Visitor: 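Please find one structure pasted underneath; my questions will follow.
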Amino acid sequence: MPRPLPSKFFARSVHEVAPDLIGATLLFKGVGGVIVEVEAYHHTDQAAHSYRGRTERNAVMFGPPGKAYVYRSYGVHWCLNFVCEREGSASAVLIRALEPARGLAAMRRRRGVKNERLLCSGPGRLCQALGISGAHNGLALDRSPFKLLARTTKLKVAVGSRIGISKATKHPWRYGLAGSRYLSKPFR
DNA sequence: TATGAGATCAACT
DNA sequence: GTTGATCTCATAC
C-alpha cells in the first residue's frame, strides 16, 4: 500500500524533492493521478517568481514548506507549485503533468475534452482538471483536500531544460517519467 | 505539422 | 505599455 508523503518530505532542496515527486500520486478531493513531470524553481534563479523578492502574489513561496502555491498564468490559467526547503528560502516545484488515474469523469467534465492524454498534460490543464484555483493558494499538502502518496516502485527519472521561460533556460531543472505518454512535451 | 492570435491579470520598466 | 513558469483555436504548409 502507498503511504502518504510526510510534510518533512518537502523540507529539502528543490533539486532533491523535484525528482522524488515523479511517480508520486497527487489527489485533490479524490481526483488526480501520478505525477509524471515537474520543474524546480529557486529564489536565486532568474526564472523564478521569487527572484525579485516577496510580493503579494508569491508570498506563500516565502513561507514554510509543504504548502501549495497557486498563481494565475497569462491571465487565464492556474498553476500549482509545492513549496520546498525552509521558511524564507522561497523555492518551489511546479507540477506540470499527471497521468490521470482517479476521477476521470470529473476531469473530463471540467476540461471539456475526451482525450485522456490532454486532461492533465500541462500545468494549466491539470489545475483545471482537478478544480484547483487561487482559492487554494497556501493550503497544506498533507491535509484534505490534498492527498499525496509516495511512489511504490523505483523508476527512471529523465532530466531536461525547463519549458516556457526566457531566462535561465539552460538549467536542467525539468524532471519527468521517461517515455510517459502524459508529458506536456517529450524529453530528448 | 507548424506558426500565430487572443484571452486577460499581476508585476515590472 | 510590455512581458510572462499557458492553452486553444484558426489558418497555413
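The figures that follow rest on heavy atoms only: side chains count, while hydrogens, waters and symmetry mates do not. Letters A, B, ... mirror the listed sequences (proteins, then strands); counts begin at 1. This one's a predicted model, so the numbers in the text were calculated from it and none came from an experiment.
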Visitor: In this structure, how many angstroms lie between the P atom of C:dC7 and the CG atom of A:Leu119, rounded?
Guide: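 A:Leu119 atom CG is separated from C:dC7 atom P by 13 Å.
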
Visitor: Under 3.5 Å, is there a donor-acceptor pair linking the side chains of A:Ser121 and A:Arg117?
Guide: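 Judged by distance alone, the side chains do not pair up.
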
Visitor: Hey, does A:Leu94 reach any base, or is it just sugar-phosphate, or nothing, if we go heavy atoms under 4.0 Å?
Guide: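 It contacts base atoms.
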
Visitor: Separation of A:Trp78 atom CH2 from C:dC7 atom P, in whole Å?
Guide: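 Between P of C:dC7 and CH2 of A:Trp78: 15 Å.
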
Visitor: To the nearest 0.5 Å, what is the distance between CG (A:Leu21) and CD1 (A:Ile35)?
Guide: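 With rounding to 0.5 Å, CG (A:Leu21) is 5.0 Å from CD1 (A:Ile35).
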
Visitor: Which pairs with one or both residues in residues 146-164 of chain A pass side-chain hydrogen bond (donor to acceptor under 3.5 Å, both in side chains), sequence neighbours excluded?
Guide: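 Of all non-adjacent pairs touching residues 146-164 of chain A, those that pass side-chain hydrogen bond (donor to acceptor under 3.5 Å, both in side chains) are A:Asp45-A:Arg162.
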
Visitor: Round to a whole Å and report the spacing from CD of A:Glu37 to C1' of C:dT6.
Guide: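 Rounded to whole Å, this separation is 13 Å.
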
Visitor: A:Arg162 near the nucleic acid: base, sugar-phosphate alone, or nothing, with a heavy-atom cut-off under 4.0 Å?
Guide: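 No contact.
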
Visitor: Starting at CG of A:Asn115 and ending at C1' of C:dC7, how long is that distance when rounded to a whole Å?
Guide: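 Taking atom C1' of C:dC7 as the reference, CG of A:Asn115 is at 15 Å.
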
Visitor: Tell me whether the OP1 or OP2 atom of C:dT8 has a side-chain N or O from A:Arg111 closer than 4.0 Å.
Guide: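 A:Arg111 to C:dT8 OP1/OP2: side-chain N or O found under 4.0 Å.
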
Visitor: What I want to check is whether the side chains of A:Glu37 and A:Ser184 have a donor and an acceptor closer together than 3.5 Å.
Guide: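 Note: A:Glu37 and A:Ser184 side chains meet the donor-acceptor criterion.
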
Visitor: Under 3.5 Å, is there an N or O donor on one side and an acceptor on the other linking the side chain of A:Tyr71 and the base of C:dA5?
Guide: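 Answer yes: a donor N or O sits under 3.5 Å from an acceptor.
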
Visitor: Could you work out the separation of B:dA2 and C:dA5 based on their C1' atoms and round it to a whole Å?
Guide: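 About 23 Å, rounded to a whole number of Å.
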
Visitor: Which ranges of DNA chain C pair up as stems, where a stem means three or more consecutive Watson-Crick or G-U pairs with both distances under 3.5 Å?
Guide: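 Listed by first number, the stems are B:1-7 with C:6-12, B:9-12 with C:1-4.
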
Visitor: Do we see a donor-acceptor contact under 3.5 Å between the side chains of A:Arg110 and A:Gln128?
Guide: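 No, no side-chain donor-acceptor pair sits under 3.5 Å.
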
Visitor: Rounded to whole angstrom units, what separation is found between the CD atom of A:Gln46 and the P atom of B:dC12?
Guide: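 Rounded to the whole Å, the gap is 14 Å.
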
Visitor: Are OP1 or OP2 of B:dA11 and a side-chain N or O of A:Thr55 less than 4.0 angstrom apart?
Guide: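 True: A:Thr55 side-chain N/O within range (under 4.0 Å) of B:dA11 OP1/OP2.
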
Visitor: For a 4.5 angstrom cut-off between non-hydrogen side-chain atoms, does A:Glu85 reach A:Pro65?
Guide: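 Not touching, per the 4.5 Å side-chain cut-off.
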
Visitor: Counting side-chain heavy atoms from CB outward, which of B:dT13, C:dC7, B:dA10 is closest to A:Arg52?
Guide: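 Comparing B:dT13, C:dC7, B:dA10 against the side chain of A:Arg52, the answer is B:dT13.
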
Visitor: I need the CZ-P distance between A:Arg72 and B:dC9, as an integer number of Å.
Guide: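 Value for this atom pair: 6 Å.
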
Visitor: Take atom NE2 of A:His77 and atom C1' of C:dC9, then tell me their distance rounded to the nearest Å.
Guide: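 That distance rounds to 12 Å.
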
Visitor: I want to verify a distance call: between C:dC7, C:dA5, B:dT8, whose nearest atom is closest to the A:Val76 side chain?
Guide: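 Nearest to the side chain of A:Val76 among the choices is B:dT8.
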
Visitor: For A:Arg174, which contact category applies under a 4.0 Å heavy-atom criterion: base, sugar-phosphate, or nothing?
Guide: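 No contact.
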
Visitor: Once you measure the plane-to-plane angle for A:Trp173 and A:His15, does it fall in the parallel (<30°), tilted (30-60°) or perpendicular (>60°) bin?
Guide: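 Rings of A:Trp173 and A:His15: tilted, 30 to 60°.
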
Visitor: In whole angstrom, what separates A:Lys167's NZ from B:dA11's P?
Guide: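 To the nearest whole Å, that distance equals 14 Å.
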
Visitor: Assign A:Ser166 to base, sugar-phosphate, or nothing according to its heavy-atom contacts below 4.0 angstrom with the strands shown.
Guide: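 Sugar-phosphate, backbone atoms only, no base.
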
Visitor: Say you pick atom P in C:dT3 and the same atom in B:dG4; how far apart are they, in whole Å?
Guide: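 16 Å, rounded to whole Å.
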
Visitor: Look at the side chain of A:Asn81 and the backbone N and O of A:Ala92, then say whether any donor-acceptor pair between them is shorter than 3.5 Å.
Guide: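 No: the side chain of A:Asn81 does not pair with the backbone of A:Ala92.
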
Visitor: On DNA chain C, does the nearest nucleotide to A:Leu118 precede the nearest nucleotide to A:Ser50 from the 5' side, or the other way round? Give the residue.
Guide: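 First, find each residue's nearest nucleotide; the 5'-ward one identifies A:Ser50.
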
Visitor: B:dA11, C:dA5, C:dT8: which one has an atom nearest the side-chain heavy atoms of A:Arg125?
Guide: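 In terms of side-chain proximity for A:Arg125, the closest of B:dA11, C:dA5, C:dT8 is C:dT8.
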
